[in-house]
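Attaching a single structure in structure tokens format; questions to follow.
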Amino acid sequence: MKKVISTKHAPAAIGPYSQAIEAKGMIFISGQTPIDPLTGELVTGGVKEQAVQCFKNIRAILDEAGLTTENIVKTTVFLGDMAYFAEMNEVYASQFDGDFPARSAIAAKGLPKNCMVEIEAIAVR
């Protein structure tokens, strides 16, 4: 069985996918872009501001599932350019208390809405 997790406090899916799916105690969070769910627009600023918004969106989905960033076991970070890595990494490091989840970070050409960063996560109950 799988359960769809959805919240109005994170951007609505812009395609045929769910914000998150829970299956067997694992929550698979779709890639979150730096879209402000109130305006539907990308946040202003650089990669740091965009990474912060990605995590706000992830936290909103986790909250809907009754979880926190402590439950995240794996993330994948997609960067529009690897030159953004150091700034993204500063923000990323500030988002977790204690142990960090496993992570991959890759450059991806042409992220949605031409954003600089997108982050997906897997959490476990």
Any side-chain heavy atom of E49 sitting closer than 4.5 Å to one from T44? no
Tightest non-hydrogen contact, residues A20 and I27, listed as CB-CG2, 4.1 Å
So, F55 versus F96, ring centres under 6.0 angstrom or not? yes
R103 backbone acceptor or donor facing T75 side chain under 3.5 Å: no
Give me the atom names and distance for the closest heavy-atom approach of Y84 to L79. CB-CD2, 4.1 Å
Are T69 and R59 packed together at the side-chain level, in the sense that at least one heavy-atom pair is separated by less than 4.5 angstrom? yes
Strictly distance-based, threshold 3.5 Å: is any side-chain N or O of T39 a donor or acceptor partner for the main-chain N or O of E41? yes
Side-chain heavy atoms of E120 within contact of I29, under 4.5 Å: no
If I compare all heavy atoms of A93 with all of F100, which pair ends up nearest, and what's the gap? O-CE2, 3.6 Å
For K2 versus A23, what's the shortest heavy-atom pair and its separation? CB-CB, 4.5 Å
With sequence neighbours excluded, tell me which residues meet side-chain contact (heavy atoms from CB on, under 4.5 Å) with A108. F78, L111
Under the rule for salt bridge (Lys or Arg N to Asp or Glu O under 4.0 Å), what residues qualify as partners of R125, not counting sequence neighbours? E22
Do the non-hydrogen side-chain atoms of I35 and Q53 ever get within less than 4.5 Å of each other? no
Test item: Q32 side-chain N/O and C54 main-chain N/O as donor-acceptor pair under 3.5 Å: no
